[in-house]
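We name chains A, B, ... by the order of the sequence lines, and we start the count at 1 in each one.
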Amino acid sequence: MFFSKMLIPTMREVPSEAEAVSHKLMLRAGYVRQLASGLYIYLPLAWRVMTRINKILREEMDATGAQEVSMPILHPAEVWQKTGRWYEIKDEMFRLKDRTERDMCLGMTHEEIMTWLASREIKSYRDLPQVWYQIQTKLRDEARPKSGILRTREFIMKDSYSFDADYEGLDKNYQIQADAYHRIFNRCGLTFYQVESDTGMMGGAGAHEFMAPSPAGEDDIVICKSCGYIANVEVAHSLSKPLKEIPWEYEEVSTPNKRTIKEVSGFLKIDSPYFIKSLLVIASEVPVLVLIRGDQELHEKKLTKVLGNFRPATKDEIVSYLGVEAGFIGPMGHKIRIVADELLKEGTYVTGANKIDYHIKGVKPGTHFNAEWYDLHVAKEGDLCPKCNTSLIMDKVIEIGNIFKLGTKYSSALNAVFLDKNGQEKPIIMGSYGIGPARIAAAAIEQNNDKDGIIWPRSIAPFDVEIIPLNLNDSRTKEIAESLYKELVQRKVEVLFDDRDERPGVKFKDADLIGIPVHVVLGEKSLKENNIELKTRRTKESRKISVENALNEILKMVREE
RNA sequence: CGGGGCGUAGCGCAGCUUGGCUAGCGCACCUGCCUUGGGAGCAGGGGGUCGGAGGUUCGAAUCCUCUCGCCCCGACCA
């Protein structure tokens, strides 16, 4: 491909809207353009990258025995109504009507449609297992699109779905997909983790996410370097370093107008872990007192799993249910339900005295109050691993893939059933598995760049080699460059030939920005010594190779890296 | 949806507070000359509904009202 013929609109300055490194570089290097919030045009370079990623996806999916299909993006409402998601999902679903006023929506994902197909075509245990996948556009009216192509309203997703007769089959397919995901992300040159994750509204029995570490990431995970425990903070458990036992007497202390943990802690000169935070929430119109240690944060999702939907109580509700103002609440002596974080089970604490301007020192859980115990706190850096008691570290990550054990949530709703060996009708056991190819591309840039531009992993680079003849008016440069180009193309190497009438500096800058892994530089000086230069984009190392050996050396580099 | 910021040429910006010549600068673009190892130089040139609508005024990029769009933080993320 000739540079002068290809649309590669590089920019010297970054549009001010870009924040994430991958976003800036994709704009500057001429990979993408924004049409509207969360809607991106993939220019030729970016589309070549996507094509390469999708090729890897297809190869690995096909290798697992999964079958590629293509589903519509426009869906009739009825299917989504049957699973209830038509009603559960709110503004995030694009909805429209056809000319006959029939309700339709744009597919955010394809569990419904895949299951609809299974419900019609799978009749017997003999038809199972099946795994179907597609690489298809999804539409979600995101509340906040951001970070370039990382979070968009329209995006391509590789989604696969497994259908099994029993849970053993599901477990097996789940593992096969997980293994394929490892191969895919490795082939794409990414650093990544597989982490335990929340099943969310997908429902189901278990889930993992594949996470690529990057400062542009939207998720946080905790990692134990010692035993390998690793989980999204959405679900992560953690313990805390044991507190020194302090022999406080149970006594009331005056804390005039000190309400927050920080204020009381400073006033009494007692560290925040020795406090109990008492929060009143209302779940299904019933008040519940929630206790969390002073240095911890309440994990709302964990609490939702215990209480169902809840909301914080109003000031008036606090006074009417507890007889005291917020800031001086303690768990002692109340008749209402109390749920507490497990970290509070041991120890002696300070907490509100249920009396304005007073706190109580020496409160012992189990002695001075009772509660239901759950894990309700947000795991944070420095907490201890729940499995091996080592300090946890945290990392910001981009979610590049996820896998869910769905069970029968969708098959039951859509009556996707089969007859087992005994002639009994049973719902199909399902799993679903997604990968975002654009996120792979963005994560690859986030993880591989320097001040000059992108450094593509070889497997997903838009081209294998860029040929950079410095002066095409020099006939020898031209002749050798063109002949190398032909030889490489003949050998199925994808080559970008910078045939532009630009000065060398411009060509070097653009080459670094675009990030093709191998640069072949032809300059008059070196050619006088019968040499050309082979440069590795990542290291910027350059070696001189004789013209005769050039082809073989380039082929070696393309196949290595 | 809550909070904040920004819309002036393809990109980056100035001008706006205190209304007033033909709306400016750098880069990019076009023509010519020159140059060819890290975003050259000289000369000439093209490109603008100042996001949109309404209003105030003799006069609006500038002041007022409404509106649309984009970005960031948070909530959300099936």
Side-chain angles (χ1 to χ4, degrees), chain A residues 7 9-20 23-24 27-30 33-40 80 83-94 105 107-112 138-148 150-153 155 157 159 197-204 207 209 216-219 232 234 300-301 304 311 398-399 402 404 406 409-410 432 434 436 439 451-453 468-474 477-478 498 500-514 519 521-528 531-533 535 540 542 544:
Chain A
L7 179 63
T10 59
M11 287 187 284
R12 202 178 288 208
E13 281 170 296
V14 203
S16 56
E17 73 219 25
E19 190 78 9
H23 188 197
K24 285 182 184 166
L27 287 169
R28 269 195 70 202
R33 288 295 182 263
Q34 184 178 38
L35 174 65
S37 181
L39 297 174
Y40 280 83
W80 286 80
T83 63
R85 292 211 284 186
W86 177 265
Y87 310 103
E88 284 166 33
I89 298 168
K90 306 221 162 63
D91 297 338
E92 213 160 312
M93 180 184 268
F94 282 107
C105 66
M108 312 175 54
T109 173
H110 282 79
E111 279 79 15
E112 273 78 359
K138 316 284 177 197
L139 291 115
R140 294 179 190 172
D141 196 356
E142 288 286 348
R144 181 146 100 84
K146 58 181 285 198
S147 306
L150 269 181
R151 188 171 191 73
T152 53
R153 295 193 292 175
F155 58 97
M157 183 165 149
D159 47 325
S197 71
D198 193 15
T199 52
M201 294 288 285
M202 294 288 276
E209 288 164 333
E218 299 184 88
D219 286 278
N232 195 317
E234 300 277 294
E300 298 193 3
K301 281 203 171 148
T304 303
R311 61 170 173 85
I398 296 169
E399 181 185 346
N402 52 40
F404 292 94
L406 296 175
K409 173 171 170 164
Y410 297 94
S432 85
R439 287 186 166 193
K451 65 174 174 37
D452 294 312
I468 307 171
L470 297 184
N471 182 7
L472 280 169
N473 294 324
D474 177 56
T477 301
K478 186 165 192 247
D498 194 344
R500 294 174 302 167
D501 183 22
E502 288 287 358
R503 297 169 58 81
V506 174
K507 295 189 180 186
F508 286 134
K509 288 289 182 192
D510 276 345
D512 287 346
L513 191 55
I514 289 165
H519 297 169
V521 179
L522 295 93
E524 286 171 88
K525 285 180 194 165
S526 299
L527 281 177
K528 272 184 193 141
N531 284 331
I532 64 166
E533 288 153 60
K535 196 158 116 190
K540 296 267 182 82
S542 178
K544 295 194 185 220

(message) Both A:Glu13 and A:Glu300 contact RNA chain B. Which one's nearest nucleotide lies toward the 5' end?
(response) A:Glu13
(request) By nearest nucleotide on RNA chain B, pick out whichever of A:Arg12 and A:Glu524 is the more 5' one. (result) A:Glu524
(message) Checking A:Lys138 against A:His110: is there a side-chain donor and acceptor pair closer than 3.5 Å?
(response) yes
Considering only side-chain heavy atoms of [X], which listed nucleotide, [options], is closest?
X        : options             : result
A:Ser37  : B:G39, B:A40, B:C71 : B:C71
A:Asn471 : B:C11, B:C76, B:U36 : B:U36
A:Thr109 : B:G39, B:C70, B:A78 : B:A78
A:Val506 : B:A40, B:C71, B:G37 : B:A40
A:Lys509 : B:G38, B:C76, B:C73 : B:G38

(message) Suppose you measure atom C1' in B:U22 against the same atom in B:U65; what distance do you get, rounded to whole Å?
(response) 31 Å
(message) I'd like to know if A:Asp474 reaches the base of B:U36 with its side chain such that a donor and an acceptor end up less than 3.5 angstrom apart.
(response) no
(request) May I ask you to verify whether the side chain of A:Lys535 and the base of B:G37 hold a donor-acceptor pair under 3.5 Å? (result) no
(request) Could you state the atom-to-atom distance from CG of A:Leu27 to P of B:C70 in whole Å? (result) 15 Å
(request) Return the value, rounded to whole Å, for the distance between atom CD of A:Gln34 and atom C1' of B:G10. (result) 15 Å
(request) For A:Gln34 and A:Ala36, indicate whether the former's side chain and the latter's backbone hold a donor-acceptor pair under 3.5 Å. (result) yes
